[in-house]
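Everything below concerns the one structure shown next.
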2 protein chains.
Amino acid sequence: MTLTPISSWASFGGTLSVHDHDSEACNGPMRFAVYTPPQARTGPVPVVWYLSGLTCNWSNVMEKSGLQRVASELGLMVVAPDTSPRGQDVADDEGYDLGQGAGFYLDATEAPWAPHFSMETYVTQELPALVAAHFPADMTRQGIMGHSMGGHGALTLNFRHPGRYASVSAFAPIVAPTKVPWGQKALKAYLGDECPAWGEHDACELVRRQPTDQMILIDQGGADQFLDEQLRPELFEAACREAGQPVTVRRHPGYDHSYWFIASFIEDHLRHHARALGVGD
Amino acid sequence: MTLTPISSWASFGGTLSVHDHDSEACNGPMRFAVYTPPQARTGPVPVVWYLSGLTCNWSNVMEKSGLQRVASELGLMVVAPDTSPRGQDVADDEGYDLGQGAGFYLDATEAPWAPHFSMETYVTQELPALVAAHFPADMTRQGIMGHSMGGHGALTLNFRHPGRYASVSAFAPIVAPTKVPWGQKALKAYLGDECPAWGEHDACELVRRQPTDQMILIDQGGADQFLDEQLRPELFEAACREAGQPVTVRRHPGYDHSYWFIASFIEDHLRHHARALGVGD
């Protein structure tokens with residue numbers, strides 16, 4: 001498990017670094033970024049996984065969210081994986097919502113995706129082992145968050161790996177992929193025609209089967225252009241109510257789906273994780 | 001003076017907006033961005049001008065510095081002009097350090113630059129009039145700041161327009177353009193062979209002629225790749241000492257020339273401006 005350093009910058013007293021490695025899960029090269037806070041100089045720190053949305057890679061959240069300031073204050077490491085395998089040898093689709101940049105945080109079983117698209121194994125097994133081996137990370141204290149498709153990833157991986165993450169939150173997540181166009185297109189391509197496996201990657205279905213005692217934090221922009229067709233947070237609220245799952249869904253009038261929205265509220269999310277992970281005030 | 005709205009986003013309770021207009025000074029279309037804080041709903045707010053460095057436009061600082069959070073708290077409007085005129089009809093150079101993206105905040109007198117490159121008139125006359133007409137800006141309270149070439153702009157425009165700006169600060173500024181390669185190339189192209197006019201745009205020369213009673217704040221990364229050849233903050237420190245100009249130059253080991261550096265310290269700069277402009281705590 002060797003890492004190739006790509007870039008490294010001083011940031012808020014800590015370090016933002018970008019790395020390449022050969023991924024077994026994704027059968028090819030992958031790139032990710034880590035923000036290491038200053039507290040890591042004196043011992044391992046908790047890790048928050050940030051899963052990005054369609055088309056994004058590590059740079060969107062690291063450049064635009066301002067997370068480093070708060071992570072530096074609280075002593076949180078933040079890891080931002082890519083949203084899929086990429087490259088000439090990797091299958092792709094003309095749409096921005098399938099294939100490269102759109103891995104949907106699951107392991108594909110269907111051609112032509114199965115050889116490379118194993119983002120669940122990558123994010124929950126291979127990358128954590130790599131981070132544990134190469135960074136001062138306390139892997140007994142992990143949280144997970146994400147945006148849009150990455151909010152879907154954060155919620156579903158949290159339910160599918162109970163006990164792994166102490167805390168979970170999402171910005172404008174896809175909560176019901178079996179019921180919305182983005183999700184139906186991806187689930188059909190990666191897992192085949194509608195089948196029970198779809199429900200294994202739908203936060204609304206997963207919470208009904210096995211709720212947790214975590215308080216889930218969700219922020220949603222009221223002027224989000226994808227709100228009514230693709231996101232539908234009311235479906236998750238209803239499912240949580242039925243299942244007895246604690247959840248807070250905050251709606252913010254005027255905010256859209258962009259990183260201007262995320263930047264405005266990411267401090268609250270990192271403080272939400274810090275409380276569960278036992279750092280900060 | 002009509003404005004064409006390009007984009008608008010909710011951000012930290014305020015609004016980030018991008019606008020096009022036909023510039024008389026630059027003889028063609030220009031684009032700029034304004035962060036309007038929530039306090040502007042109830043009355044005019046002070047304005048801080050942010051001048052960007054080589055190659056940049058409005059988006060670098062607005063996307064990567066995180067300024068909106070602090071400007072929102074303090075009640076500061078921040079305006080980010082482009083770094084030059086741009087377009088097919090505008091002269092350019094193969095280098096990134098001359099022509100489009102490299103206006104150096106002066107009015108060019110030489111061919112082929114003179115017809116469009118009047119960034120001093122643009123930033124100090126035309127754009128302020130436009131902002132005063134279209135935004136809830138208190139033009140009696142202005143500050144100016146910038147990065148690299150924009151730090152040069154902030155310092156020189158402050159000295160060249162005494163009384164205009166209550167506060168001034170810079171990140172990794174070019175302080176002695178008559179003595180460093182970036183500056184010499186630009187001054188020669190825009191103003192002709194070495195001549196007294198060069199000194200009119202050199203912060204080290206200007207401060208000797210007419211120091212102010214402002215406390216100038218400068219942050220400089222210790223690992224800045226341009227420190228020794230292009231920036232040379234020690235020359236400005238020496239000139240300020242000679243002239244009796246108050247200045248604070250902070251050196252930050254490990255930080256480079258990037259927006260990761262700027263983001264780490266921009267809060268201090270905005271608070272510096274806020275104090276002089278009479279807002280915040």
Side-chain angles (χ1 to χ4, degrees), chain A residues 6-18 33-38 41 56 58-73 78 171-172 219-225 227 250-271, chain B residues 6-18 33-38 41 56 58-73 78 171-172 219-225 227 250-271:
Chain A
I6 300 299
S7 304
S8 176
W9 300 276
S11 170
F12 286 94
T15 305
L16 175 65
S17 55
V18 182
V34 178
Y35 179 70
T36 305
R41 283 191 210 108
C56 293
W58 69 269
S59 68
N60 305 71
V61 68
M62 290 298 185
E63 291 182 352
K64 298 182 176 180
S65 75
L67 71 82
Q68 292 89 346
R69 180 184 63 86
V70 192
S72 167
E73 178 200 325
V78 181
F171 294 100
D219 275 324
Q220 173 62 56
D224 188 320
Q225 56 270 47
L227 180 55
R250 310 191 303 184
R251 287 176 169 77
H252 303 281
Y255 286 85
D256 68 5
H257 200 65
S258 72
Y259 270 89
W260 308 112
F261 160 59
I262 294 171
S264 298
F265 299 103
I266 199 163
E267 178 166 357
D268 293 348
H269 284 242
L270 291 175
R271 292 192 186 283
Chain B
I6 300 300
S7 302
S8 176
W9 300 277
S11 171
F12 285 94
T15 305
L16 175 64
S17 56
V18 181
V34 178
Y35 179 70
T36 305
R41 283 190 208 108
C56 293
W58 69 269
S59 68
N60 305 70
V61 68
M62 291 298 186
E63 290 183 352
K64 297 181 174 179
S65 76
L67 71 82
Q68 292 87 349
R69 180 185 62 88
V70 192
S72 166
E73 178 199 325
V78 181
F171 294 100
D219 275 325
Q220 173 62 57
D224 188 320
Q225 58 270 47
L227 179 55
R250 310 191 302 184
R251 287 175 170 78
H252 304 280
Y255 285 86
D256 69 4
H257 200 65
S258 71
Y259 270 90
W260 308 113
F261 160 60
I262 295 172
S264 298
F265 300 102
I266 200 163
E267 176 166 358
D268 293 347
H269 285 243
L270 292 174
R271 292 193 186 282

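Letters A, B, ... mirror the listed sequences (proteins, then strands); counts begin at 1.
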For this session: Assert yes or no for the condition that the ring centre distance of A/Phe265 to A/Tyr255 is strictly below 6.0 Å.
Result: yes
Seminar exercise, completed: Honestly, the part of B/Trp9 sitting under 4.5 Å from a heavy atom of chain A is side chain
Problem set entry | Contacting region of B/Ser11 [heavy-atom separation from chain A under 4.5 Å] | both
Exercise. Run the side chain to side chain contact (heavy atoms under 4.5 Å, CB included) check on B/Trp260 and A/Glu63 step by step: do they pass?
Worked result: CA-CA 8 Å; B/Trp260 308 113; A/Glu63 291 182 352; 3.7 Å; yes
Seminar exercise, completed: Pair count under 4.5 Å, heavy atoms only, with chain B: among A/Ala10, A/Ser72, A/Gly254, highest is A/Ala10
Exercise. Under 3.5 Å, is there a donor-acceptor pair between the side chain of A/Ser17 and the main chain of A/Ser8?
Worked result: no
For this session: Could you tell me whether the side chain of B/Gln68 and the main chain of B/Met62 form a donor-acceptor pair under 3.5 Å?
Result: yes
